[in-house]
Amino acid sequence: MKKKSILLPHACQKIGWWLLLLIPLVWGAYEILYRFFHETNLFAVVNNNSRFITMVFYLVVIAAAFLICLSKEKVEDEMVSQYRLKAIGISAYVNFLLFLVFWLFGALDHGFRFGHGESWWGIVYGTMQVFFGLIPFTTAGLYYLVFKWMLWRSRREEAL
């Protein structure tokens, strides 16, 4: 019995890279147009909806990461599947370790806050908040880098 793969076709990986490339192109076009036409009514509307636009950018980046990381390679065999599993494991370990470290810093920030005002752990706490918002991106990026590095290393060893 043939196992059914839950991975997306390889063409989805290309779509994901195009989506990821689309973000800086749209952002750059916006910046260029804003510099020349910043006093028009168009940009007053855009600036009023900037949270919405930012959320759309985040959703497009998450969708692109999903398409890139969960698509098949051109040649998908048992070795590639094994590397994929190892890369998922490594990225999960690193992510949980970072999660634990930032929660520890958050607990220290909460525990050593004396009086009024910001503690010296505030910078760490702010970094922690940014990290929690970027968890999907860091996980997908780390997974992709580890997976591609393993594939590159195995192909280089085969060539020798």
Side-chain angles (χ1 to χ4, degrees), residues 1-38 42-106 124-160:
M1 186 167 96
K2 187 176 179 182
K3 291 182 181 179
K4 183 163 172 94
S5 176
I6 62 170
L7 296 173
L8 300 169
H10 181 68
C12 292
Q13 193 176 68
K14 294 177 183 176
I15 294 169
W17 282 113
W18 280 107
L19 279 175
L20 207 58
L21 180 66
L22 185 67
I23 296 284
L25 291 177
V26 170
W27 195 302
Y30 169 77
E31 289 295 325
I32 290 170
L33 289 173
Y34 182 75
R35 299 236 188 262
F36 290 115
F37 304 108
H38 67 278
L42 169 71
F43 286 99
V45 171
V46 170
N47 288 335
N48 289 338
N49 295 319
S50 65
R51 287 184 180 176
F52 174 74
I53 292 169
T54 303
M55 186 57 67
V56 168
F57 277 149
Y58 283 144
L59 290 174
V60 170
V61 170
I62 289 172
F66 178 81
L67 291 172
I68 291 168
C69 292
L70 297 178
S71 296
K72 291 180 182 177
E73 292 297 310
K74 284 184 181 178
V75 177
E76 189 77 28
D77 57 3
E78 290 293 324
M79 180 186 70
V80 172
S81 297
Q82 190 175 19
Y83 287 154
R84 190 179 300 279
L85 185 62
K86 284 181 183 179
I88 289 171
I90 289 170
S91 62
Y93 278 125
V94 169
N95 217 355
F96 281 124
L97 182 65
L98 287 173
F99 195 74
L100 180 69
V101 167
F102 280 121
W103 268 107
L104 178 65
F105 282 143
V124 174
Y125 185 74
T127 306
M128 180 181 74
Q129 295 298 323
V130 169
F131 175 74
F132 289 150
L134 296 177
I135 283 176
F137 309 122
T138 58
T139 304
L142 182 63
Y143 160 76
Y144 187 78
L145 290 174
V146 169
F147 177 61
K148 288 298 185 176
W149 177 77
M150 287 178 174
L151 285 177
W152 173 79
R153 190 183 68 186
S154 72
R155 289 180 182 139
R156 193 182 72 166
E157 288 173 357
E158 286 178 4
L160 294 178

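Considering CD1 of Ile15 and NE2 of His10, their distance stands at 11.0 Å, rounded to 0.5 Å. Rounded to the nearest 0.5 angstrom, Ile90 CD1 and Leu142 CG are separated by 8.0 Å. For the atom pair OH of Tyr143 and CZ of Arg84, the computed distance is 4.0 Å after rounding to the nearest 0.5 Å. Remark: Asn95 CG to Leu100 CG distance equals 11.5 Å, nearest 0.5 Å. One distance of note links SG of Cys69 with CG of Leu8; it measures 11.0 Å at 0.5 Å rounding.
Glu76 approaches Ser81 most closely through the heavy-atom pair OE2-OG, 3.9 Å. Closest approach of Val75 to Val80, counting heavy atoms only: O-CG2, 3.5 Å. Here the shortest heavy-atom pairing between Ile68 and Gln13 reads O-NE2, 3.4 Å. Here the closest non-hydrogen pair linking Ala140 and Ala65 is CB-CB, 3.9 Å. Across all their heavy atoms, Cys12 and Leu67 have their closest contact at O-CB, 3.4 Å. Between Ser91 and Thr139, the closest heavy-atom pair is CB-O, 4.1 Å.
Side-chain contact between Val146 and Tyr83 is absent, with no heavy atoms from C-beta onward closer than 4.5 Å. At least one side-chain heavy atom of Lys148 sits under 4.5 Å from a side-chain heavy atom of Glu73.
Within a 6.0 Å sphere centred on CE of Met55, other residues, nucleotides and ligands contribute 12 heavy atoms or fewer. The environment of CZ in Phe137 is crowded: more than 12 heavy-atom neighbours from other residues, nucleotides or ligands sit within 6.0 Å.
Using cut-offs of 30° and 60° for the angle between ring planes, the Trp17 and Tyr144 rings count as perpendicular.
For the pair Ser154 (side chain) and Leu151 (backbone), a donor-acceptor distance under 3.5 Å is present.
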